[in-house]
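Report on the structure given below.
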There are 2 protein chains.
Amino acid sequence: MKKELSNALIYPPVLCPLALTLDVIGGKWKPLIVHLVSQGVNRFSLLEKQLPGISRKMLANQLRELERDELLTREIFAEIPPRVEYSLTETGLSLLAAVMPLYEWGVQHLAHKQPRHTAIQL
Amino acid sequence: MKKELSNALIYPPVLCPLALTLDVIGGKWKPLIVHLVSQGVNRFSLLEKQLPGISRKMLANQLRELERDELLTREIFAEIPPRVEYSLTETGLSLLAAVMPLYEWGVQHLAHKQPRHTAIQL
DNA sequence: CGGGGATAGTCCCCATAGGTAACCAAAAAC
DNA sequence: GTTTTTGGTTACCTATGGGGACTATCCCCG
């Protein structure tokens, strides 16, 4: 019975639900962006401040992808200086709910540990 | 009150629990690896088969990081051909529990959509 | 009146992360 | 005796992402 497992894919490659989800929010920044927007950090420069280490290029890119995937909307105000506000869609909110357990896991397991990769030197 | 938000970081940069979690399982492959190992796909070559698109270098790298972060253990059997078995630690299991909502989200929201990034042409 | 700041990006150049392919060793199967 | 299997490592090369400069327009300050 282990044999069956080794010869066949558990899921047809593109139909693993987890892979499909990671296709949409996979990556280092998207869960953080979705969470921050839900907290009212809804403008480009605010997000930039809350995400030490992200580059503008990357932030713009991730926001475009989240918008394309209909997790958030982008509202442009014709003002000077320009203002753009992001907000979560229904889908985005449901995804946020699925992301929160990761947040809780962080609270439970990592509060006392030192970070490695994203360490910011001040 | 919005003013306060815009001037100060919601969290001291390295102490956002979500960022700390993503530090450990962020990335395209780690959640999939953890899930697969929990399903009994516990050897290098089996994982390779179940993860179309991953390179051996990347798989080895991600497994090392997961091992270093004590999410899984690596057991080497002195056989020919060599055999190595991975299994989840307690911590790994708790993280799997936090990842499963993403799997469920995929079931709910993406079953009918076409994948983009990880599309495998057959 | 002139200079500087603020917003939300875009563009180019370069470093590095990650993909590709080859190689390994020893036994077993054909 | 040739091919297959396993779990990688290594060298090479490309694609992704970081850094910094640049944009336009208006307001505020002196």
Side-chain angles (χ1 to χ4, degrees), chain A residues 2-3 5-7 13 22-23 25-33 36-37 40-68 72-87 116-121, chain B residues 2-3 5-7 13 19 22-23 25-30 32-33 36-37 40-68 72-87 116-121:
Chain A
K2 277 281 179 60
K3 212 52 178 174
L5 197 81
S6 60
N7 291 337
L22 293 174
D23 217 32
I25 41 139
K28 187 176 174 179
W29 301 109
K30 286 180 183 174
L32 293 172
I33 293 171
L36 285 171
V37 171
V41 184
N42 58 354
R43 295 174 56 190
F44 193 92
S45 55
L46 294 183
L47 286 165
E48 208 176 358
K49 288 192 192 90
Q50 298 289 334
L51 295 168
I54 200 173
S55 67
R56 302 183 135 199
K57 182 175 156 186
M58 194 62 191
L59 178 54
N61 179 24
Q62 301 294 284
L63 286 169
R64 291 301 136 82
E65 290 189 16
L66 289 171
E67 186 192 2
R68 182 201 61 189
L72 48 80
T73 57
R74 184 162 173 271
E75 191 180 0
I76 305 166
F77 296 84
E79 305 175 356
I80 297 288
R83 182 161 62 101
V84 175
E85 287 190 3
Y86 295 92
S87 48
R116 253 174 312 269
H117 307 310
T118 55
I120 310 293
Q121 314 298 345
Chain B
K2 277 282 177 58
K3 211 53 179 173
L5 195 82
S6 58
N7 291 336
L22 293 173
D23 217 32
I25 41 140
K28 186 177 174 180
W29 301 110
K30 286 181 183 177
L32 293 172
I33 292 171
L36 285 171
V37 170
V41 185
N42 58 356
R43 295 176 55 192
F44 192 92
S45 55
L46 294 183
L47 286 165
E48 207 176 359
K49 287 194 192 89
Q50 300 288 332
L51 295 169
I54 200 173
S55 67
R56 305 184 129 195
K57 181 173 156 185
M58 193 62 190
L59 178 54
N61 179 22
Q62 301 293 284
L63 286 170
R64 290 300 136 86
E65 291 189 15
L66 290 171
E67 186 191 2
R68 182 201 60 188
L72 49 79
T73 56
R74 186 164 173 269
E75 192 181 359
I76 306 165
F77 295 83
E79 303 175 358
I80 298 284
R83 182 162 61 102
V84 174
E85 286 190 4
Y86 296 92
S87 49
R116 255 175 312 270
H117 307 310
T118 55
I120 309 293
Q121 315 297 345

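In what follows, chains carry the letters A, B, and so on, assigned in the order in which the sequence lines appear, proteins first and then strands, with residues in each chain numbered from 1. When reading the values below, keep in mind they use all heavy atoms of this one structure, side chains included, and skip hydrogens, waters and symmetry mates.
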How many Å lie between NZ on B:K49 and P on D:dG8, as a whole number?
14 Å
Value in whole Å for how far the C1' atom of D:dT9 lies from CD of B:E48
13 Å
Taking only residues two or more places apart in sequence, or in another chain, which ones meet B:E48 in a salt bridge (Lys or Arg N to Asp or Glu O under 4.0 Å)?
B:R56
Round to the nearest Å and state the distance from B:F77 atom CZ to D:dG8 atom C1'.
17 Å
Is there side-chain contact between B:V84 and B:F44, with heavy atoms separated by less than 4.5 Å?
no
Take the protein atom CD of B:E79 and the nucleotide atom P of D:dG7, then report the distance between them rounded to whole Å.
10 Å
Which one, C:dT10, C:dA8, D:dG8, comes nearest to the side chain of A:F44?
C:dA8
How does protein contact run along nucleotides 17-30 of chain D, one letter per nucleotide 5' to 3', with B for base contact, S for sugar-phosphate only, - for none, heavy atoms under 4.0 Å?
BBB-----BS----
Quick one: side-chain contact (heavy atoms from CB on, under 4.5 Å) partners of B:S55, sequence neighbours excluded?
B:K57, B:M58
Hey, is the side chain of A:R83 poking within less than 4.0 Å of OP1 or OP2 on C:dA8, counting only N and O atoms?
no
Mind checking salt bridge (Lys or Arg N to Asp or Glu O under 4.0 Å) for A:E79 and listing every partner two or more places apart, or none if nothing turns up?
A:R83
Would you mind reading off the distance between B:R43 atom CZ and D:dG8 atom P, rounded to a whole angstrom?
11 Å
Closest to the B:Y86 side chain: D:dG8, C:dA8, D:dG7?
D:dG8
Whole angstrom is fine here: how far is it from CG in A:L46 over to P in C:dT7?
8 Å
Between C:dT10, C:dT7, D:dG7, which one does the side chain of A:R64 approach most closely?
C:dT10
How many angstroms lie between CD in A:Q62 and NZ in A:K30, if you round to the nearest 0.5 Å?
5.0 Å
Heavy atoms, side chains only, cut-off 4.5 Å: are A:L32 and A:L47 in contact?
no
